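Single-structure report; data block below.
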There are 2 protein chains.
Amino acid sequence: MIYVKVYSERNRFMPVERPWLKLRRLLKAELRWGPGLGAEVEGAVLQQKLATIEDVAAMAGVSIATVSRAINEPTKVADATRRRVIDAIARTGYTTNAMARSLRMRRSNMILILAPDVGDPNFSNILVGLETEASKRGYGLLIGNTQNDPSRETDYLRFISSNQADGLILFTGHLPFGLAQSPTEARLPPMVAVNEPVLGQDIPFVGVDNFEGARVAAEHLISQGHRRIAFVGHAPNREINRLREEGYRAALGGAGIQIDPRLIIDGDGTTESGRAAAELMFVRDALPTAFLCVNDATAMGVIIALNARRYDLPRQFSVMGFDDISFASFITPSLTTMKQPRHRMGEAAMELLLTLLAGEKPKSREVLLRAELILRNSVSRPGN
Amino acid sequence: MIYVKVYSERNRFMPVERPWLKLRRLLKAELRWGPGLGAEVEGAVLQQKLATIEDVAAMAGVSIATVSRAINEPTKVADATRRRVIDAIARTGYTTNAMARSLRMRRSNMILILAPDVGDPNFSNILVGLETEASKRGYGLLIGNTQNDPSRETDYLRFISSNQADGLILFTGHLPFGLAQSPTEARLPPMVAVNEPVLGQDIPFVGVDNFEGARVAAEHLISQGHRRIAFVGHAPNREINRLREEGYRAALGGAGIQIDPRLIIDGDGTTESGRAAAELMFVRDALPTAFLCVNDATAMGVIIALNARRYDLPRQFSVMGFDDISFASFITPSLTTMKQPRHRMGEAAMELLLTLLAGEKPKSREVLLRAELILRNSVSRPGN
DNA sequence: ATAAATCATGAAAACCTTTACATCATCGGA
DNA sequence: TCCGATGATGTAAAGGTTTTCATGATTTAT
């Protein structure tokens, strides 16, 4: 059904002659550039108003269509003409108005980044990778800090729905609230989840292989001779924690080590949870020789607790983290950990999103990068 | 002078009748919405094409001008009409196309952030403040990572010159290369420098009062009884270092303490420079009782060096930093330092920029916030 | 009762591009 | 010599807003 407006008779206005509007348009060029531009070429950039494609066209003596082509499809214009246009562009200091272009092309060359906490150093390093790849391909980055607030998530989606952004990078681990209700995926904007996958939805994902990384970490401890290895950060409803714990279990299982359930300790990934976990070990009186922590923050908590109890690390206890956050190397003892390739994660995620955006089929909708074992001083052979 | 195009006779084309173009426009609404929208209201959002203001107008039975007014100046339309429009907006799922709006309004409600290193945690915390204030005022943030590369700086300026961003927040401490040559400030886009001022140019600035902060820090050490206080991070051509050293000198001068020039040590603010500085002290054999460091990274270097030499901190040496970076509390001993109000800096900078953007006169073109003394465990009375 | 001010609304311009369609010139081949 | 293909370029139509000016109707002031 088409909605048709029916005007009442009294409302059917007749257009009025307003010749000055036309006149204004004709005078525009002069109003803009003022007299003397031709002579004072250098002065062009001094004008307050920006040059438009029309100014360039007039100066080069061609139509605006030709100017546009000279810029966007240079092969389609004759050499001599192109030179004139380029010259005119230089003289006027013309820059394409991105708004007009976006309006016409229906794409903005902008990507919206939705992150729960922009201040998180883990995030900001990935951001650098995202930025590298985006700017290489001529895309700009728009950042949205949601603080896990659904209303802020919805709010930021306006950039998508208002055409201000073409695609979406998700750090939040869940669909933004405004999109969550959509029954099918068909209407979702192009997006890629990074760092944390979106569960239950088939959203393209770029992240680190947490299972494999944790397995490598645990195997390193085993290779050093540890048998009683605690896992700090049990949280089965958090995907990252769950996968890392799986990796830990796989490694121990592979080495034929029975896991003492008292060595699996809850933790939400904060430094404080690590500290509490270590204390709990002493209460339980079921001490391990090594702590494999779900992340570096947790590991730092463990180390702080052990230091406070005056243990000599790593002689009496080994500790491993995961992430390689920036101060992992500064704590005493410096932390042996699994390094996340954050820069590459960012690049890979942006690459995947831009592929999607171009309408091409990506090689794979899930990219898992390997974490790298970083050897420092928080791990040694047990029982010295 | 107006550039006038003179067409040769052969080029004066006559427009051709192409009635289908008109037809296409007339059919647009139906093509877009398909049949049955009226009946299937909930289905409106399911259409691929987004609703435009015209669709809303048709559905509400008013002109697009009235729809625009109902949205932007609600008081200017009659109550009954406004309700109809709002209803139609809800039914179509209409969102204003930001590109069209920006094109027309000549402003994008976007702010470009130019930072040398987006991954720097110091930066990212300020960013959170910027974001808070910006999103409160309906502005979006566009980030540009320049890595101090002039060509990247110039490149990012395209967002300004193409109207994709209305204003600029500068973290770089200098004008972006593309703007640097401009002889007068008149042509600079609205911008605010944050964290580091732009020297030699009258650019509005928001930062911390480095002089005052360093003075408070030094006075704290003096109040603990220290007299031989080293300053680590002498670098007179860096504004921040210079000011903090001035504050240190002012405090010592105020307390009547002669400064031993051997206690002033070069440093570029890196952890490594702190470590080297501490080593140098031992070489010079002119040991202080306390180290006032130009920033926390330097202080960490000093602490690492002293720990490595098996000194007992803070009993044998006190160390103070500046910044309160996130791991200042995790190193042993935890670092007494001056906390930068980063969140507030971000907010204040954005507030200042938006004031400028609104064409209003700001209260002050320079905002200096006070750093806060954070007492931890790296400072004690000397000579125990 | 009439003139003047106010109110609600519409038509069309303006913002600045890109691009579909059209035109003319030129060149190569028959 | 003529015809078709190709190449260079122009015209005008989108693209979706906001806003100026105009119009009648209604209210207020005289």
Side-chain angles (χ1 to χ4, degrees), chain A residues 5 7-25 28 49-57 60-73 75-82 84-85 94-107 162-163, chain B residues 5 7-25 28 49-57 60-73 75-82 85 94-108 162-163:
Chain A
K5 270 192 61 177
Y7 298 123
S8 68
E9 199 56 31
R10 71 169 180 82
N11 274 338
R12 192 184 300 135
F13 300 132
M14 296 305 293
V16 186
E17 277 302 313
R18 277 178 290 165
W20 53 90
L21 282 173
K22 286 277 171 200
L23 241 175
R24 204 197 286 169
R25 169 143 64 154
K28 198 174 55 181
K49 297 278 180 175
L50 293 171
T52 74
I53 199 172
E54 232 169 310
D55 301 311
V56 175
V62 297
S63 75
I64 61 171
T66 300
V67 175
S68 176
R69 277 190 290 255
I71 294 169
N72 301 310
E73 305 155 297
T75 60
K76 288 200 175 175
V77 328
D79 271 13
T81 314
R82 186 171 57 245
R84 281 215 314 288
V85 170
Y94 168 74
T95 334
T96 306
N97 181 316
M99 292 311 169
R101 163 183 250 147
S102 298
L103 175 58
R104 175 62 221 235
M105 314 261 295
R106 281 128 158 262
R107 51 212 274 299
S162 70
N163 282 323
Chain B
K5 271 194 59 178
Y7 298 122
S8 68
E9 199 59 29
R10 72 168 179 84
N11 275 336
R12 192 183 300 134
F13 301 134
M14 296 306 291
V16 186
E17 277 304 311
R18 274 178 291 163
W20 52 89
L21 282 173
K22 285 276 172 201
L23 242 174
R24 203 195 290 167
R25 168 144 64 157
K28 197 174 55 181
K49 296 279 179 174
L50 294 171
T52 73
I53 199 171
E54 234 169 308
D55 301 311
V56 175
V62 296
S63 74
I64 61 170
T66 301
V67 175
S68 177
R69 276 188 291 255
I71 294 169
N72 302 309
E73 306 153 297
T75 60
K76 286 200 177 176
V77 331
D79 272 11
T81 314
R82 184 170 59 244
V85 170
Y94 168 73
T95 335
T96 308
N97 181 316
M99 291 310 167
R101 163 181 251 149
S102 298
L103 174 59
R104 175 63 222 233
M105 313 262 295
R106 280 128 151 249
R107 51 211 274 297
S108 56
S162 69
N163 282 323

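The structure presented is a predicted model; accordingly, all values stated were derived computationally and were not measured. Chain letters run A, B, ... following the sequence lines, proteins first, then strands; residues in each count from 1.
Both A:Arg84 and A:Met99 lie close to DNA chain D; mapped to their nearest nucleotides by heavy-atom distance, the more 5′-ward contact belongs to A:Arg84. A residue-by-residue look at A:Thr95 and B:Thr81 shows that B:Thr81 has its nearest nucleotide of DNA chain C further toward the 5' end. Nearest-nucleotide assignment on DNA chain C puts the 5′-proximal partner with B:Ala78, out of B:Arg104 and B:Ala78.
Annotation: side-chain hydrogen bond (donor to acceptor under 3.5 Å, both in side chains) contacts of B:Ser162 (sequence neighbours excluded): B:Gln164. By the side-chain hydrogen bond (donor to acceptor under 3.5 Å, both in side chains) test, B:Ser102 pairs with no residue at all, sequence neighbours left out. The side-chain hydrogen bond (donor to acceptor under 3.5 Å, both in side chains) test applied to A:Arg101 returns A:Asn72, not counting sequence neighbours. Checked against salt bridge (Lys or Arg N to Asp or Glu O under 4.0 Å), B:Arg104 has no partners two or more places apart in sequence or in another chain.
Considering only side-chain N and O atoms, B:Asn163 lies nowhere under 4.0 angstrom from the phosphate OP1 or OP2 of C:dC16. Look at B:Asn97 and you won't find any side-chain N or O under 4.0 angstrom from OP1 or OP2 of D:dG15. Put simply, B:Thr66 has no side-chain N or O that comes within less than 4.0 Å of OP1 or OP2 on C:dT9.
To the nearest angstrom, C1' of C:dT18 lies 13 Å from CZ of A:Arg107. Remark: P of D:dT9 and NZ of A:Lys76 are 13 Å apart, rounded to the nearest angstrom. To the nearest angstrom, P of D:dA8 lies 10 Å from CZ of A:Arg82. Distance CG (B:Asp79) to C1' (C:dT9): 15 Å, rounded to an integer number of Å. The distance between atom CG of A:Asp55 and atom C1' of C:dT17, rounded to the nearest whole Å, is 14 Å. Atom CG in B:Leu103 sits about 4 Å away from atom C1' in C:dC15, given to the nearest Å. The distance from atom CD1 of B:Ile64 to atom P of D:dG16 is 11 Å, rounded to the nearest whole Å. Atom CD of B:Glu54 is separated from atom P of D:dT17 by 9 Å (rounded to the nearest Å).
Among the nucleotides D:dT18, D:dA12, C:dG10, the one closest to the side chain of B:Asn72 is D:dT18. For B:Met105, the listed nucleotide lying nearest its side chain is D:dT18; candidates were D:dG10, D:dT18, D:dG15. The side chain of B:Arg69 approaches D:dT20 more closely than any other nucleotide in the set D:dT20, D:dT18, D:dG15. Out of D:dG16, D:dT18, C:dC16, the shortest distance to the side chain of B:Arg106 is found at C:dC16. Side-chain proximity of B:Val77 to the nucleotides D:dT17, C:dT9, D:dG10 is greatest for C:dT9. Nearest nucleotide to the A:Thr52 side chain, out of C:dT18, C:dC16, C:dG10: C:dC16.
Proximity of A:Val62 to A:Val85: side-chain heavy atoms (C-beta onward) are separated by under 4.5 Å at one or more points.
Nucleic acid contact class of B:Ser68 (heavy atoms, under 4.0 Å, all strands): base. B:Thr96 comes within contact range of the sugar-phosphate backbone alone, with a heavy-atom separation under 4.0 Å but no base atom that close.
Within the structure, salt bridge (charged side-chain N to carboxylate O under 4.0 Å, His left out) pairs that include any residue of residues 63-73 of chain A comprise A:Glu73-A:Lys76 (at least two apart or interchain).
Each end of the helix from C:dA1-D:dT30 to C:dA30-D:dT1 gets its own axis, taken as the rotation carrying the C1' atoms of four end pairs onto the next four within a five-pair window, and the two axes meet at 40° to the nearest 10 degrees.
Here the OG1-CG distance, from A:Thr52 to A:Asn97, works out to 9.5 Å after rounding to the nearest 0.5 Å.
Summarising the geometry of A:Ile64 relative to A:Ile53, their closest heavy-atom pair is O-CD1, 3.6 Å, with the distance given to 0.1 Å.
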